[in-house]
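Here is the structure we will look at.
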Number of protein chains: 2
Amino acid sequence: MLVTEQVPTAAESRGPVCCPTGLTAPLDRETAEDLARLLKAVADPARLQLLALLKASAAGEACVCDLTGPLGLSQPTVSHHLKVLTEAGLLTREKRGTWAWFSIVPGRLDEIAAVLR
Amino acid sequence: MLVTEQVPTAAESRGPVCCPTGLTAPLDRETAEDLARLLKAVADPARLQLLALLKASAAGEACVCDLTGPLGLSQPTVSHHLKVLTEAGLLTREKRGTWAWFSIVPGRLDEIAAVLR
DNA sequence: CAACTGCATCGACGTCTGTCAATGCCTTGC
DNA sequence: GCAAGGCATTGACAGACGTCGATGCAGTTG
C-alpha cells in the first residue's frame, strides 16, 4: 500500500488555514493525458457499438460493410471510428482482397479497464 | 440529420459474399450513449488526477483548496471537474462549514471498468 | 454588522470531436 | 485495359468540451 504524506484535515490544522499542502499529485499531467487518450478511444457510443458488434460476431471479426448498417452511420464515419480504435490498440486491421477485416485484440480491453483500479 | 438508408450487407448484395453473418447490433444506440457518458467522465486527464489524489489521500477525502494546487488549474475549473465526477456517481460532496469535502464512492470505479468486459 | 474566505455559477473563448459529401486509391471481374 | 465496388482520406461544419476571469453566495470571524 502506498503511504502518501499525511494530509492534516482542515479540522486538525490550526487557524482558518485549510491547506498545509504537502499534497503532491501522484499522477503527473503527462501520464494522466496518456491514460485519458486511451479512455477517450472507448468513450464514444459508436465505438462501443463497434466493439460490441465485433465481440458478438461469430468469427470475432467483420468488415466495414457489415458495420455501417447496424450503426446507421455513413461509411466514412465508421471508417474513422475504426481507425481510432485501431490506433488505440483495440483492433487489428487485415486487408483480404477488396475487404478490410477488423478483429478485437484480445486482452486489450481488460488492460484499459485495469487502469481504473 | 440522421441518414437511415439501408445498406445491404455483402451477404445480400451481388458479387462474392463477404460476411454471411446476420450481424445485428447487440448494443443499441441509446444504451451505448449512456455508457459513453459514463466513460467520458473518466476520460479526462484532470479528472484522472483528481481521482488519484483522492485515492492517495489519507482520509480518502479532500476539499477543493487541496486539489487546485497539485493540478495547476484554476479553482472554477477544478470545481467543474469535481461536479462532473460527482454527477457520474464517482464522488460524493459533503459540505462541512466553509469547506466542501469530496470523497470517492467505493466500488463505483470498478462498476465502470466492468463495462469494458 | 461588516469583512473575509471557500466554493459554485456564469459568460466567453479557443480547441477538439463527430459527422457527412466528395474524392481518390486499390483490388477484382469482365 | 476498363468498369465497378470496397475502403481510406480530405475538407467543411456544427456542436461539445476544457479553461479562465468575474461574479455571486453561504458560512466564519472579528
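All heavy atoms count here, side chains included; hydrogens, waters and symmetry mates do not. Throughout, protein chains are lettered first and strands after them, A, B, ... in sequence-line order, and every chain is numbered starting at 1.
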Assign a letter to each nucleotide of nucleotides 15-25 of chain D from its 5' end: B, base within under 4.0 Å of a protein heavy atom; S, sugar-phosphate only; -, no contact. ---SBBBB---

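Rounded to a whole Å, the CD atom of Q49(A) is 14 Å from the C1' atom of dG18(C). The nearest whole Å value for the distance from the CG atom in L82(A) to the C1' atom in dC7(D) is 10 Å. One can place CH2 of W101(A) at 12 Å from P of dG6(D), the figure rounded to the nearest angstrom. Look at NZ on K95(B): it is 8 Å from C1' on dG6(C), rounded to the nearest Å. With rounding to whole Å, L67(A) atom CG is found 9 Å from dC7(D) atom P. Separating the CZ atom of R96(A) from the P atom of dG5(D) is a distance of 22 Å, rounded to the nearest angstrom.
Closest contact between the side chain of C63(A) and the listed nucleotides dT5(C), dG5(D), dC7(D) involves dC7(D).
Under a hydrophobic-cluster definition in which Ile, Leu, Val, Met, Phe, Trp and Tyr are linked whenever side-chain heavy atoms come within less than 4.5 Å, directly or via other members, V115(B) and I104(A) are assigned to the same cluster.
The side-chain heavy atoms of V42(B) and R47(B), taken from C-beta on, include no pair separated by under 4.5 Å. L109(B) is listed as a side-chain neighbour of L90(B), based on a closest heavy-atom distance under 4.5 Å.
Counting any heavy atom pair closer than 4.0 Å across all strands shown, K83(B) reaches sugar-phosphate atoms only and no base atom.
The pair E61(A)-R96(A) meets the salt-bridge criterion, with a side-chain N (NZ, NE, NH1 or NH2) lying under 4.0 Å from an Asp/Glu carboxylate O.
Checking side-chain atoms of Q49(A) against main-chain N and O of L27(B) turns up a donor-acceptor pair under 3.5 Å. A donor-acceptor pair under 3.5 Å is formed between the side chain of K40(A) and the backbone N or O of A43(B).
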